[in-house]
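We number each residue from 1, following the sequence as shown. Counting convention: from 1, in listed order, for ligands and their atoms alike.
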Amino acid sequence: MKYEGLLERINWLIRLRWIALTGVILTVFVVQKVVRLSLPFFPLYLIPILIGLYNSAFFLYTRHIWKKQPEDIETRAIVFANLQIGLDLLSLTALIHFSGGIENPFIFYFIFHMIIASILLSRRASFLQATFTACLFVSMAGLEYFNILGHHCLKGFVVNDLYMNKVYILGTSFVFITTLYLAAYMASSISVKLRLREKSLKEANLLLEEKDRIKSEYVLRVTHDIKEHISAIQSCIDPVAEGMLGELNPGQKDLIRRAGTRTSKLIFFIKALLEITRIKLSRDIEMKDFSIVKTAENAIILVDPRAKAKSIYMSRRIDAGVDIIKGAQVYIEETIANLLANSVKYTPKGGKVEITIEDKDGSVLIRISDNGIGIPKKELPYIFNEFYRASNAKELERDGTGLGLSMAKQVVERHNGRIWVDSEEGRGSTFSIMLPKK
Ligand code: ADP
């Protein structure tokens with residue numbers, strides 16, 4: 001959608017205008033107090049104030065169209081951008097008129113407006129804005145020349161009254177107008193190319209997403225089939241292992257036990273793969289209000305037996321203010337449980353695991369820290385990739401899918417949140433999740 005980029009650029013222009021008007025006020029102040037030129041300072045201060053007023057109105061209006069998203073948003077955004085640039089050009093012409101007119105070297109600041117117009121608008125519209133600028137400029141110079149508008153001379157800066165000098169007016173107008181059109185042409189050529197590049201990148205991205213979806217659907221189907229067969233194998237192994245089909249000799253028992261363990265591990269892996277693929281494929285996950293504190297408590301209860309078995313001390317620190325957030329409770333609980341289970345798994349006996357939950361303006365920050373084996377620095381960038389397991393983790397613990405963290409990442413990103421890790425090998429890790437409350 002074209003207007004999305006346009007609204008972003010409009011927001012940028014509004015922010016830029018605050019900087020520009022501060023610059024204008026400072027320049028006028030310096031001209032008045034330091035350079036001490038005699039100029040009509042009342043309008044020179046009034047114009048930036050007016051710019052500030054219309055900029056505030058523009059700011060409020062952008063909020064309004066973002067929120068309401070009316071059907072004709074694209075047309076409105078284009079008109080809105082043209083209006084803003086038009087008003088800026090009028091304001092600059094007024095500023096220039098009250099500070100020397102055609103004699104003021106700041107006339108070349110119109111070029112910035114041409115560049116801005118080319119970034120925001122189509123090539124045709126930026127040429128129209130260049131024509132509007134040329135008309136404003138010629139009218140200002142003409143009206144001052146014919147004394148219809150009073151001229152405010154930059155005494156002490158310009159020696160002669162150049163605004164009455166025909167050759168100077170014609171020469172300056174010629175250079176000024178050709179510069180305007182050249183600037184509009186060059187800037188719009190670059191910006192048209194960039195916009196096309198942006199569009200093709202977006203299309204390529206959509207194509208990649210589609211391919212990824214097809215791949216996930218394929219994985220889902222295959223994994224589902226494999227799961228059914230493995231479950232059938234397990235249901236054959238179990239009665240044999242339990243001796244329901246007659247007593248087994250020690251060799252048979254050992255082989256059946258090993259087959260049973262491998263099958264359970266495989267089922268665990270397949271379930272994780274199925275789950276992550278389902279999350280990826282589900283376009284919308286149901287979001288409801290739930291208590292993050294209770295959810296964290298549930299996750300702690302789930303992992304507690306494993307921590308106790310390794311004599312790991314698990315503590316919690318929860319801000320009094322945090323409680324209800326909006327999201328998919330089951331997924332968040334699973335994510336916290338996964339991270340806690342990892343901390344227990346990768347922390348030697350007698351270690352410590354801590355979960356903290358804090359309020360962070362509009363979001364909650366959940367941290368799970370341990371003083372375990374940590375993650376080697378050069379492996380940190382890959383830790384959230386599917387199937388990735390760090391070298392030290394593989395040495396310590398043979399079993400692992402490498403899917404837990406990528407699942408956590410999927411879940412958190414689906415909530416418009418962020419997950420990251422700080423870790424030092426041999427000293428421990430802290431996994432942090434930032435989740436918006438709404
Ligand atoms: P798994 O634990 O099954 O290997 P995960 O996706 O949960 O898979 O984790 C991926 C890898 O991240 C782990 O193999 C391990 O290398 C590293 N990791 C995760 N949590 C921790 C932790 N608390 N301490 C050290 N390493 C961790």
Positive for side-chain contact (heavy atoms from CB on, under 4.5 Å) with F290, one of I324, I325, V330: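 Filter result, single survivor: I325.
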
Can you sort out which atoms of ligand 1 are near [X], meaning under 4.0 Å from one of its heavy atoms?
X: G400; result: 3 (O), 4 (O)
X: A393; result: 14 (O), 15 (C), 16 (O)
X: L403; result: 6 (O), 8 (O)
X: A390; result: 14 (O), 16 (O)
X: K345; result: 1 (P), 2 (O), 3 (O)
X: G374; result: 25 (C), 26 (N)
X: S429; result: 22 (C), 24 (N), 25 (C)

Residues, nucleotides or ligands: over 12 heavy atoms within 6.0 Å of M186 CE: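 Open.
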
E210, CD atom: more than 12 neighbouring heavy atoms under 6.0 Å: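 Yes - once you tally the heavy atoms of other residues, nucleotides and ligands closer than 6.0 Å, there are more than 12.
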
I368 backbone acceptor or donor facing T430 side chain under 3.5 Å: no

Could you find the nearest protein heavy atom to [atom] and give me its residue, atom name and distance?
atom: atom 26 (N) of ligand 1; value: I375 CG1, 3.4 Å
atom: atom 19 (C) of ligand 1; value: N342 ND2, 3.6 Å
atom: atom 4 (O) of ligand 1; value: R389 NE, 2.6 Å
atom: atom 17 (C) of ligand 1; value: I383 CD1, 3.8 Å
atom: atom 3 (O) of ligand 1; value: T401 N, 2.9 Å
atom: atom 6 (O) of ligand 1; value: L405 N, 2.7 Å

Can you tell me how the ring of [X] sits relative to the ring of [Y], calling it parallel under 30°, perpendicular over 60° and tilted otherwise?
X: Y109; Y: F112; value: perpendicular
X: F58; Y: F80; value: perpendicular
X: Y382; Y: Y388; value: tilted

Considering only heavy atoms, does [X] approach ligand 1 within less than 4.0 Å through its side chain, its backbone, both, or neither?
X: E397; answer: neither
X: D370; answer: side chain
X: Y388; answer: backbone
X: S343; answer: both

Pairwise side-chain contact, M114 with T133, heavy-atom cut-off 4.5 Å (strictly under): yes

Option of least heavy-atom distance to atom 22 (C) of ligand 1 (set: Y346, F384, F387):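 Result: the heavy atom closest to atom 22 (C) of ligand 1 is in Y346.
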
Heavy-atom nearest option to atom 8 (O) of ligand 1, drawn from G402, G428, A272: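 Nearest option to atom 8 (O) of ligand 1, by heavy atoms: G402.
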
Short N-O contact, R258 and D254, less than 4.0 angstrom: yes

Residues R278, E275: salt bridge by 4.0 Å N-O rule: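 Answer for the salt bridge query: no.
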
Side chain to side chain donor-acceptor pair (under 3.5 Å) between S429 and S423, worked out: CA-CA 4 Å; S429 318; S423 183; 3.0 Å; yes

With K280, the salt bridge (Lys or Arg N to Asp or Glu O under 4.0 Å) member among E209, E386, E413: E386

